[in-house]
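Atom set for the values below is all heavy atoms of this structure, side chains included, hydrogens, waters and symmetry mates excluded.
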Amino acid sequence: MRINRTTSVTEFLFSGLPEFEDGRFLFFIPLFFIYVFIVIGNLIVFFAVRMDTRLHNPMYNFISIFSFLEIWYTTATIPKMLSNLISKRRTISLIGCLLQMYFFHSLGNSEGILLTTMAIDRYIAICNPLRYPTIMTPRLCAQLSAGSCIFGFLVLLPEIAWISTLPFCGPNQIHQIFCDFEPVLRLACTDTSMILVEDVVHAVAIIFSVLVIAFSYIRIITVILRIPSGEGRRKAFSTCAAHLGVFLMFYGSVSLMYLRFSATFPPVLDTAIALMFAVLAPFFNPIIYSLRNKDMKTAIKKLLSSPTMLPTSAS
């Protein structure tokens with residue numbers, strides 16, 4: 001079949017949930033409440049850390065930055081998903097699609113780098129506790145936080161710039177619930193062999209981060225098991241449990257999404273993996289950080305009970 005290369009596609013149509021046409025509003029309500037919870041939950045974690053001086057240390061600073069990034073990470077995709085669920089025309093412009101891909105993956109990259117930094121931070125704190133204050137200084141902590149965000153946003157620019165130059169002149173249906181590299185590249189009227197290169201680049205970045213984090217936690221667990229005191233082991237494990245839980249959820253969903261290369265999944269499974277990656281993992285992160293950490297729970301209770309969080313009473 002010959003493709004008409006004179007027609008330029010200016011917008012894409014999402015077709016990630018074709019079999020649920022009659023019940024889209026039923027998906028809107030839970031997704032809306034999940035998004036509200038993600039935003040409010042991460043804002044609470046962010047401000048709890050910022051307002052409690054006892055939490056002004058590198059570990060909690062990284063958690064607060066991660067929570068702040070999570071808000072924008074989900075905002076890059078979920079509002080458009082909500083709009084598509086109640087709209088008859090589930091479309092997005094070409095520029096809007098490129099911007100969604102850029103911000104979604106830039107924020108995701110920043111989170112991945114930050115999780116790697118958090119693992120290294122915990123490694124130094126537990127494996128080299130005497131040197132930790134001199135290594136992880138407030139200045140280095142700020143530099144690592146800023147560097148994670150800056151690098152996460154810069155590394156995607158060449159890729160998005162390249163995709164913006166591709167001709168889109170054929171089918172315009174994106175078989176996904178948000179704009180992503182592989183579904184968009186398959187619509188380009190050009191050689192799609194670059195998809196494999198994209199997959200390899202993403203896979204190398206993911207595997208490298210996973211190896212660094214895994215090595216850090218293996219060393220951490222080895223050191224913790226040598227602690228003679230049961231109370232000391234429990235406290236050390238509880239310190240790392242939240243980080244490990246978020247790491248497993250984040251990179252578990254990322255691996256299912258981007259380490260499959262040419263393997264194809266049924267549309268329903270593909271959509272379920274995308275929801276896990278873009279919605280469910282961010283939903284559980286504030287729960288993990290607030291419930292698995294005694295200091296965080298205390299700070300959140302203090303924040304929510306402070307006079308500024310309560311309505312002023314009539315005099």
Side-chain angles (χ1 to χ4, degrees), residues 30-52 55 57-79 81-82 103-122 141 144-145 148-149 152 177-178 206 209-210 212-214 216-217 220 237-258 272-301 303-304:
L31 183 60
F32 174 77
F33 282 108
I34 287 174
Y35 176 61
V36 171
F37 176 83
I38 290 171
V39 173
I40 294 176
N42 282 293
L43 279 175
I44 290 174
V45 171
F46 177 79
F47 283 110
V49 172
R50 295 296 167 180
M51 296 180 67
D52 194 326
L55 302 184
N57 59 55
M59 180 180 75
Y60 289 108
N61 176 72
F62 292 138
I63 290 175
S64 69
I65 299 297
F66 186 86
S67 295
F68 183 76
L69 291 174
E70 281 281 80
I71 296 171
W72 300 109
Y73 173 76
T74 52
T75 300
T77 56
I78 295 182
M81 293 182 201
L82 292 170
F103 283 105
F104 179 71
H105 284 283
S106 293
L107 289 160
N109 283 344
S110 299
E111 289 186 0
I113 298 168
L114 198 60
L115 282 174
T116 306
T117 304
M118 292 163 69
I120 296 172
D121 170 73
R122 290 299 83 205
C141 181
L144 290 172
S145 299
S148 299
C149 298
I177 54 177
F178 58 86
I206 293 168
S209 297
V210 169
V212 171
I213 296 174
S216 298
Y217 280 108
I220 287 170
F237 270 122
S238 65
T239 302
C240 299
H243 303 292
L244 193 56
V246 171
F247 157 68
L248 291 174
M249 289 197 62
F250 181 86
Y251 278 104
S253 58
V254 165
S255 298
L256 285 173
M257 193 76 178
Y258 298 111
I273 293 172
L275 286 172
M276 182 191 305
F277 174 57
V279 179
L280 293 182
F283 172 75
F284 286 107
N285 288 343
I287 298 175
I288 293 172
Y289 278 130
S290 60
L291 294 182
R292 291 291 305 173
N293 192 294
K294 183 179 179 181
D295 293 333
M296 183 65 75
K297 284 192 288 186
T298 302
I300 290 173
K301 289 178 182 177
L303 174 68
L304 296 178

Self-check item: Steps toward side chain to side chain donor-acceptor pair (under 3.5 Å) verdict (E70, N42)
Solution: CA-CA 7 Å; E70 281 281 80; N42 282 293; 5.1 Å; no
Practice problem: Would you check, one step at a time, whether the test side chain to side chain contact (heavy atoms under 4.5 Å, CB included) holds for F62 with L144? | Solution: CA-CA 9 Å; F62 292 138; L144 290 172; 4.2 Å; yes
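The aromatic rings of Y251 and F247 lie tilted to each other, with the angle between the two planes from 30° to 60°. Between F277 and Y258, the ring planes lie perpendicular to each other; the angle is over 60°, past the 30° to 60° tilted range.
With values rounded to the nearest 0.5 angstrom, I65 atom CD1 is found 6.5 Å from C149 atom SG. Interatomic distance, CD1 of I177 versus OG1 of T77, reported as 7.5 Å (0.5 Å rounding). Interatomic distance, I44 CD1 to M296 CE, rounded to the nearest 0.5 Å: 11.5 Å. Separation of atoms CD (E111) and OG (S106) is listed at 11.5 Å; rounding is to 0.5 Å. The structure places CZ of F33 at 12.0 Å from CZ of F283, a figure rounded to the nearest 0.5 Å.
Distance alone, capped at 3.5 Å, places no donor-acceptor pair between the D121 side chain and the T117 backbone. Of the possible polar contacts, one joining the N57 side chain to the Y60 backbone as a donor-acceptor pair under 3.5 Å is found.
For the residue pair R50 / S64, a side-chain donor-acceptor distance below 3.5 Å is found, with atom types taken as modelled.
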